[in-house]
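Order of the sequence lines fixes the chain letters, A, B, ..., with proteins taken first and strands second; residue numbering starts at 1 for each chain.
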Amino acid sequence: VVTYNSLIQGLCNSGQTKQADLLLNEMVKRNITPDVVTFSILVNTHCKKRRVSRAEAVIDEKMAQIGIQPNTVTYNSLIHGFCLRGELDKAAKVLDAMVGKGSAPNVVTYNTLLNAYFRKERIDKAEQIVNNMSCRGIIPDIVTYNTLVKGLCYVESLGAAKELIESMQDCGHTPNIVTYSTLLDSLCKGGYLDKALSLLGGMLKVGLKPNTVTYNTLINGLCRARKSNDAMELYLRLCAKGWQPTIHSYEPIVKGLRREGFSKEAFGFRRKVQEDGCFLG
RNA sequence: AUACUCACUG
């Protein structure tokens, strides 16, 4: 089963849902009974595509048919699906339903909802989630903190986010690359590019390796601030060090250069990148 | 290391 599940997961992740279905049929034929993990994989891939009704069909039909109960992970995926659709009322209903059926919400459940409420600027609801977590004895994890940091940057202030980071460290959680990238983005969007760059220095100093998202954040920030030439320089410097950019690293630079009236530079950049093969797409 | 949640872009 584990082998099949892994294969199914791989197919789903590469968009081969048809093949995944075939594999599911095959395992049944070979008398290998799919388990809750198998179905949760299917539920989750539908939910990630916001096809929540398909996900529900898996639960209500396929799983019910062979008497497999959804578990916390299954429900978490469903909640995530509703959150992606902005249907937070329905997400909350799933939360109630899972409790009713004996699946205890876990930290992931709450992180998912917390993130969604912040996105909708439902601060009241977000606070409620945090309260519920502590009532139920669920310990916030690094994802919880990262979600809160982003939320605070968004609805409160960078200062509030920094305070939270202090207190998370008191609880034994070290800021990770996501924490830093969140802050970097917030600094960039607030126009504090200098601070963003010094934060980058700070993360290097504590031994965190910036990744593609980190650099994309900075590149986008620079371009937004009409410093596309600096962004280009950064891009080329990183490429020379073997960094693998994505389309999100490259596109804003070309657009930014054009917008700033550097059409020739944009063209040159484009050509250079193609020639050097320094482009992942 | 069989499945769920957080950062850039959309």
Other residues, nucleotides, ligands: >12 heavy atoms within 6.0 Å of A/R51 CZ
no
Its contact letters, B for base, S for sugar-phosphate only and - for none at protein heavy atoms under 4.0 Å, make nucleotides 4-10 of chain B read BBBBBB-
Is A/N76 close to A/T72 at the side-chain level, that is, under 4.5 Å between some pair of heavy atoms?
yes
For A/T74 and A/S40, test the side chains for any donor-to-acceptor distance below 3.5 angstrom and give the result as yes or no.
yes
Under 3.5 Å, is there a donor on one side chain and an acceptor on the other for A/Y154 and A/R119?
no
Quickly work out the A/I32 CD1 to B/U2 C1' distance and round it to whole Å.
14 Å
Among side-chain atoms of A/N211 and A/T214, is any donor-acceptor pair under 3.5 angstrom?
yes
